[in-house]
Amino acid sequence: MPAARLLDLTRSLRRAGRMATGVDRVERAYLDHFVSDELPAFGLIRTVFGYVLLDRAGMIAFRERLSGTVNWGHASVLSRLPKGRDQALIRAESDIRRLAVARCLPLRLDRMLQTHLPSDFAYFNIGHSNLTERVLQSVKSASGSIDVMIHDVIPLEHPKYQRPGTTMPFRDKLQRVRSHADRIIYNSLDTCQRAEAMMQAWGPLPRGVVAHLGASAVVPMQAELPDGMPPAAPYFVVVGTIEPRKNHQFLLDIWQELGRDAPPLLICGSRGWNNEAVFDRLDALPADGPVKELPNLSDGALAALVAGSAGLLFPSHAEGFGLPPIEALQLGTRVLCNDLAVLQEIIGDHASFAPVFDQELWVKTIECWKNTPPNATKESVFVGPNWADHFKTVLRLR
């Protein structure tokens, strides 16, 4: 067991003020677990000017601000110096400096870690952020070990779905992980196999461990739904950022084919990138049409819509894990999803699978479910993977 744990929280800082994505929620699950464990815990965050180190009290205070329990404080003069940055990030960065037990310029990172952490600490990077040569070498110089979670290798397998200019930096990041990590945590066997197939061409592989992510149950909150929701007629939902990989285009094509008899389709998620054709179609939707775009829903409101729907649709082209289908099944909602190996691994026969090249099968299933009351075929509640089992697997040798 290490003498202490150091959790990289850089991604959480950069996502301050935004709706949490799946990766954000995983990093926060690690934050929750580490601050509740008896082992000494620290947080490392990269800011625009250098690095900040939080002790357990600072991590708890940071978590309170991330969750909205405590508001972010005022923006400091230092944080306001770089121009053109989001106000939420400026206030968050100001707060973590005030909460810090130590701060340093980039060149002093190894010295800060050596001064404030015991030797033989374990550095955990869960969010794919801050995996730089400087950080990884500084951890090793301070006698720390390195654990990195790999969520997927989609940027290398499907570069057409990525933001411009992100594929090669991801490749470089993965190469650094292979070179420096003592252990890689994989969220699924499918991710493990895909990642190791790529990295083995670059040299010896770090030790790996597969641990399915936990799926925390969310309580549906009808009171948090926007006006006019949920629809009176049986409706379907799709959950996720509106970006090419999630394949909203496929569902819009189906709803166009269904025509006047189409049931309501609720698109729950914020707009992403490289998806102008879909954005144009969404902007052209009639106000009284069956397709509605609902961004920025609270977790409780989203759970209420999913729980009351005729089914969750998940035509994603690729996933590292796939939380929306798992969370829908935990609410007792039917799921129709693309036939992906990772989804077969995690949810098996609890969902209905149809490849996205078979649009006719999707249409037939949607037509059938439209006329069948929600949960009419439910035989048992799906019990998904949980965080207790995840951390038992990840930390048993840590």
Side-chain angles (χ1 to χ4, degrees), residues 19-33 67 126 149 151-152 187-191 210-225 229-230 234-241 246 265-269 294 297-316 319-354 365-366 369 372-394:
M19 295 297 291
T21 66
V23 176
D24 299 335
R25 289 156 68 185
V26 176
E27 186 166 289
R28 293 181 193 182
Y30 270 73
L31 172 58
D32 289 342
H33 189 83
S67 67
I126 304 303
M149 178 176 286
H151 292 264
D152 60 67
N187 57 1
S188 67
L189 179 60
D190 184 65
T191 296
V210 173
H212 288 169
L213 306 178
S216 303
V218 179
V219 177
M221 300 294 291
Q222 294 281 343
E224 296 180 4
L225 288 173
M229 290 293 147
Y235 63 92
F236 292 85
V237 293
V238 55
V239 176
T241 303
K246 297 297 185 179
L265 172 66
L266 308 182
I267 299 178
C268 305
L294 299 173
L297 293 172
S298 68
D299 289 344
L302 180 58
L305 288 180
V306 172
S309 71
L312 178 128
L313 307 177
F314 200 69
S316 179
E319 292 291 326
F321 192 69
L323 278 173
I326 296 171
E327 293 173 342
L329 289 170
Q330 288 181 320
L331 290 168
T333 300
R334 296 173 296 197
V335 172
L336 174 61
C337 53
N338 191 14
D339 193 11
L340 301 179
V342 67
L343 298 180
Q344 293 277 8
E345 173 189 338
I346 295 165
I347 58 182
D349 58 5
H350 291 276
S352 296
F353 291 91
T365 304
I366 290 167
W369 288 5
T372 307
N375 300 329
T377 61
K378 184 178 69 172
E379 297 179 357
S380 62
V381 175
F382 171 74
V383 179
N386 60 73
W387 284 116
D389 287 343
H390 175 90
F391 287 115
K392 183 178 180 181
T393 298
V394 171

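In this text, all values refer to a predicted model and were calculated from it rather than measured experimentally. For reference, positions follow the sequence shown, starting with 1. FYI, side chains are in, hydrogens and waters are out, and symmetry mates aren't considered; it's all heavy atoms of this structure.
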Closest non-hydrogen atom pair between [X] and [Y], with its separation:
X: Q222; Y: P230; value: OE1-CD, 4.0 Å
X: L331; Y: P220; value: CD2-CG, 4.0 Å
X: L323; Y: G214; value: CD2-O, 4.1 Å
X: N187; Y: G320; value: OD1-O, 3.3 Å
X: V210; Y: L189; value: CG1-N, 3.5 Å

Would you check if the side chain of [X] reaches a backbone N or O of [Y] as a donor-acceptor pair within less than 3.5 Å?
X: D32; Y: A29; value: no
X: R334; Y: A310; value: yes
X: N338; Y: L340; value: no
X: S188; Y: V342; value: no
X: H390; Y: A211; value: yes
X: T393; Y: D389; value: yes
X: S309; Y: V237; value: no

Student check: side-chain heavy atoms of [X] and [Y] closer than 4.5 Å:
X: L266; Y: F236; answer: no
X: W369; Y: P234; answer: no
X: L294; Y: M229; answer: yes
X: F353; Y: V335; answer: no
X: L265; Y: L313; answer: yes
X: H151; Y: T191; answer: no

Audit row: F321, V23, side chain to side chain contact (heavy atoms under 4.5 Å, CB included) steps and yes/no: CA-CA 10 Å; F321 192 69; V23 176; over 6 Å; no
Nearest 0.5 Å, please: how far is [atom2] in [Y] from [atom1] in [X]?
X: L213; Y: R25; atom1: CG; atom2: CZ; result: 10.5 Å
X: R28; Y: S216; atom1: CZ; atom2: OG; result: 12.5 Å
X: L343; Y: H350; atom1: CG; atom2: NE2; result: 13.5 Å
X: W387; Y: Y30; atom1: CH2; atom2: OH; result: 6.5 Å
X: I126; Y: M149; atom1: CD1; atom2: CE; result: 4.5 Å
X: D190; Y: E319; atom1: CG; atom2: CD; result: 10.5 Å

Residue pair Y235, L305: steps toward the side chain to side chain contact (heavy atoms under 4.5 Å, CB included) verdict: CA-CA 9 Å; Y235 63 92; L305 288 180; 4.1 Å; yes
Worked check of side chain to side chain contact (heavy atoms under 4.5 Å, CB included) between V238 and L312: CA-CA 6 Å; V238 55; L312 178 128; over 6 Å; no
I347 and F382: CA distance, side-chain angles, deciding distance, side chain to side chain contact (heavy atoms under 4.5 Å, CB included) verdict: CA-CA 9 Å; I347 58 182; F382 171 74; 3.8 Å; yes
